Amino acid sequence: MRSLIGILGGMGPLATVDFVTKIIHQTPASRDQDHLPLLVHSVPQIPDRTACLLENRESPLAALLKGLNTLISGGAGCIAIPCNTAHYWYEPLAQASSVPILHIAQACAEALAQEKITSVGLLATDGTLKAGFYTRELAEYGIALTTPQQELQRRVMEGIYLVKSGALEQGAQVLDGCMADMLQQGVERVILGCTEIPVALNALDSVHAHLGMDATRALAAACVQWHQQQPMAVAA
């Protein structure tokens, strides 16, 4: 059994680094050798996922498949994709993969269910909302989902792309306001369903952060759990 975890990243680069950091922080380790073996494919030139879904721009699937094959050829025993919107293409990627691909929304739904959360809001890209996979995964656990109204969603997208452009502080201020508005709708938690959002809120040290469910962190925890379930390698 191959225990190397492949990370299909670059969407965006900062979010990929954040994801790796979250894996490290959640790994019970007392020395270097206790940490998870990772193979990171961070190629930011993958076409924009939201632009494809909403504006009929170039599909990222070919680039995603290329990255997937690179990771599998490199020895990955499972794959994690620290980009929510890219999970729109989860099914064709899973069909093409000879190793399991962890699903970020499933990991998030399982974490919420363990905390007995029954109602959540979702801050994510337009593409992720259109894809609908959070609705499906949460429904499996009986968790009600509230999505932003049009004006709030416009601000969410503004904040996400500010972070992607390098304007981290400005984007964080916008996203923190979006988080506050979503909480006012009476949900127990808010899923941070774009990998740029927790990066921004953490940089701001947001007072609302403890009410967020960081989907990236949930996926990182799923990576740690997967690795712990693999058989120990037998020395030659």
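All of these numbers come straight from a predicted model, not from anything done at the bench. Just the heavy atoms: all of them, side chains too, but no hydrogens, waters or symmetry mates, feed the values below.
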Practice prompt. Only pairs at least two apart or in different chains count here, so list each ring pair (Phe, Tyr, Trp, His ring centres under 6.0 Å) that has a residue in residues 96-118.
Written response: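 Listed once each, the pairs are His87-His103, Tyr90-His103, His103-Phe133.
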[atom1]/[X] to [atom2]/[Y] distance, rounded to the nearest 0.5 angstrom?
| X | Y | atom1 | atom2 | result |
| --- | --- | --- | --- | --- |
| Arg57 | Cys52 | CZ | SG | 10.5 Å |
| Ile7 | Cys223 | CD1 | SG | 6.5 Å |
| Ile5 | Leu36 | CD1 | CG | 4.0 Å |
| Ile81 | His41 | CD1 | NE2 | 12.0 Å |
| Ile101 | Leu68 | CD1 | CG | 5.0 Å |

What residues, two or more places apart in sequence or in another chain, satisfy side-chain hydrogen bond (donor to acceptor under 3.5 Å, both in side chains) together with [X]?
| X | result |
| --- | --- |
| His208 | Asp176 |
| Thr21 | none |
| Glu158 | none |
| Tyr88 | none |

Restricting to side-chain contact (heavy atoms from CB on, under 4.5 Å), what partner residues turn up for [X], sequence neighbours left out?
| X | result |
| --- | --- |
| Glu169 | none |
| Val199 | Leu14, Asp18, Leu168 |
| Thr146 | Met182, Gln185, Val187 |

Taking the side chain as everything from C-beta on, heavy atoms only, tell me whether [X] gets closer than 4.5 Å to [Y].
| X | Y | answer |
| --- | --- | --- |
| Cys194 | Leu123 | no |
| Leu112 | Tyr141 | no |
| Met213 | Val190 | no |

Worksheet entry | Leu211-Leu122 co-clustered via ILVMFWY side chain contacts under 4.5 Å |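 No, no single cluster joins them.
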Item to complete: Say whether Thr128 and Thr125, considering side chains only, have a donor N or O and an acceptor N or O under 3.5 Å apart.
Response: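 Short answer, yes.
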Worksheet item: Does any pair with a residue in residues 104-118 pass salt bridge (Lys or Arg N to Asp or Glu O under 4.0 Å), and if so which ones, sequence neighbours excluded?
Response: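 Every salt bridge (Lys or Arg N to Asp or Glu O under 4.0 Å) pair that includes a residue of residues 104-118, provided the two are not neighbours, is Glu115-Arg189.
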Item to complete: Determine which pairs satisfy salt bridge (Lys or Arg N to Asp or Glu O under 4.0 Å) with at least one residue from residues 33-51, sequence neighbours left out, and list them in order.
Response: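 Listed once each, the pairs are Arg31-Asp34.
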Worksheet entry | Set of salt bridge (Lys or Arg N to Asp or Glu O under 4.0 Å) partners for Arg155, sequence neighbours left out |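 Checked Arg155 against salt bridge (Lys or Arg N to Asp or Glu O under 4.0 Å); matches are Asp181.
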Worksheet entry | For Asp126, all residues meeting salt bridge (Lys or Arg N to Asp or Glu O under 4.0 Å), sequence neighbours excluded |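 Once residues adjacent in sequence are excluded, Asp126 has no partner under the salt bridge (Lys or Arg N to Asp or Glu O under 4.0 Å) criterion.
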